[in-house]
Amino acid sequence: MERLPGFRDFYPEPLPSKDAWSADARSYLFDQWRAVARRYGFREYDGPPLEPLELYTAKSGDEIVGQLYNFSDKGERAVAMRPEMTPTLARMIAGHQRNYPKPIKWFAIPQLFRYERQQKGRLREHFQLNADVFGEKDPSVDAELIALLIDTLRALGLTDEDFVVRLSSRNAWQEFFVQRGGTPDRAYAFFQVIDKLEREQEAESARLLQALGFALPDVQEFIRAATPTEELGLILSQLSARGLSPYVKVDYNVIRGLAYYTGPVFEAFDRRGEFRAIAGGGRYDNLVKVLSGGKVDLPALGFGMGDVVLMELLRARARLPEFTAGIDVVCLIEDEARRPQTLRLAQRLRDAGRAVEFSLTAAKPDKQFKRALELKARCTAQIEPDGSVRVRELKARDERRLSVDEFVQSMTQAR
Ligand code: HAM
């Protein structure tokens, strides 16, 4: 039976085919995401993968609503698989923000579902690192969040030659819009046209803009000038103080498709422009208020970084480490009479936190050794007739004889 289109199986390495997805690479990615988020003082949260449909129809915007995986459950509730984490998080925060000192800095790694047309970098499920901050209006928080985004990609071995964060501002566009006579009812439609500028034919963009009362050359000039607003200037200077300037540039082509953003917005892209966005986010100071029916008013900002594009980029730039089974010791059983002693040894090593393998049924010694090589184990250990252990380091090809206690001791210390 085939899996559904746009969904993935994850296999342990070595992979069964070139286009298979790696469970090892996924764990590695999640470990790095978690480590860097914790370095920035973010705490982990999670929420339900299935939510009431109206959580998304309220504020996410038409694009995401059009991609919802929704249905009626057996209790005839209108529900949707979560297409993004932000509304869930805003709801959680609105409910319990009083228990947490501000600013609240939280992260999650949810699996998300969008019924999209399948294309490069876009599937019907993906994982996202989400990092969000609540309760602080100052742009220094925007700088901190962008620094986290940059460091997450750096931790994966990517450099300023591989990616760039394109920084923009809904406020800057809002000002542009109002100065030229835009009316509030047309703002979202205008933002949608700007969001699609790079992907749309020029003539079509010009037509859409004209219908809203704007001229394409005027829009293009505003993007070309890329004059940072005061707020963006502060963010840039704080990133510069961290030594992260080479990773950011002002780029008003970015405006973000989602409806709830209010202030600075940003997207990370590969430098060569071969892939879709790696990550995107920004300020959404009104969402908590809307989702809490006006009860809680907390400024907020955050970003989402998807695993699909990022994994494509890491593969293309050969930045993924080699993944093995991570076995420390393969115990070789030359004579079945020594299996009980070997089991005792294996147990002691595992108790000491080492990863241990051995043949569960009788097998020829050369077959057992070959398996140790295949597993890329650090060493083999064989109990000899006199009860000592013959240890072979597979990389160094070094051989030693130790007592069982000495060997367990050495494996307890060594990492
Ligand atoms: P988003 O731009 O829709 O933002 O998604 C963020 C990232 O998730 C994208 O840059 C992309 O890498 C990945 N992504 C999105 N859709 C797909 C897909 N169908 N297949 C593979 N990858 C995908 C949000 O979701 C916001 N909620 C992020 C946010 C958090 N804003 C504030 N806090």
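Because only heavy atoms are used, hydrogens play no part in the values below, and waters and symmetry mates are left out as well, while side chains stay in. Numbering of ligands and ligand atoms starts at 1, following listing order.
Checked by atom type and distance alone, the side chain of Arg77 never pairs as donor or acceptor with a backbone atom of Pro52 at under 3.5 Å. Listed for the Arg38 side chain is no donor-acceptor partner under 3.5 Å among the backbone atoms of Arg34. Side-chain N or O atoms of Arg122 include none that pairs as donor or acceptor with a backbone N or O of Arg117 at under 3.5 Å.
In the model, Arg256 has a side-chain atom that pairs as donor or acceptor with a side-chain atom of Tyr261 under 3.5 Å. No side-chain donor-acceptor contact under 3.5 Å links Ser22 and Tyr11. Looking at Gln128 and Asp307, their side chains never bring a donor and an acceptor atom within 3.5 Å of each other.
The shortest N or O to N or O distance between Leu123 and ligand 1 is below 3.5 Å.
Ligand-side atoms of ligand 1 in range of Val308: 21 (C), range being under 4.0 angstrom from any heavy atom.
At the shortest separation from atom 21 (C) of ligand 1 among protein heavy atoms lies Gly121 O, 3.3 Å. Of the protein's non-hydrogen atoms, Asp132 OD2, 2.7 Å is the one closest to atom 33 (N) of ligand 1. For atom 31 (N) of ligand 1, the closest non-hydrogen atom on the protein side is Tyr261 OH, 2.7 Å. In terms of protein heavy atoms, atom 11 (C) of ligand 1 is closest to Ala277 O, 3.6 Å. In terms of protein heavy-atom proximity, atom 24 (C) of ligand 1 is nearest to Leu258 CD1, 3.6 Å. Residue, atom and distance of the protein heavy atom nearest to atom 28 (C) of ligand 1 are Gly304 N, 3.4 Å. For atom 14 (N) of ligand 1, the nearest non-hydrogen atom of the protein is His126 NE2, 3.3 Å.
Which of Gln128, Arg114, Arg122, Arg256 comes nearest to atom 6 (C) of ligand 1 through a heavy atom is settled by distance: it is Gln128.
The one candidate from Val219, Asn253, Val254 that meets the side-chain contact (heavy atoms from CB on, under 4.5 Å) condition with Ile194 is Val219.
Proximity of Tyr284 to ligand 1, defined as any heavy-atom pair under 4.0 Å, is confined to the side chain (atoms from C-beta onward).
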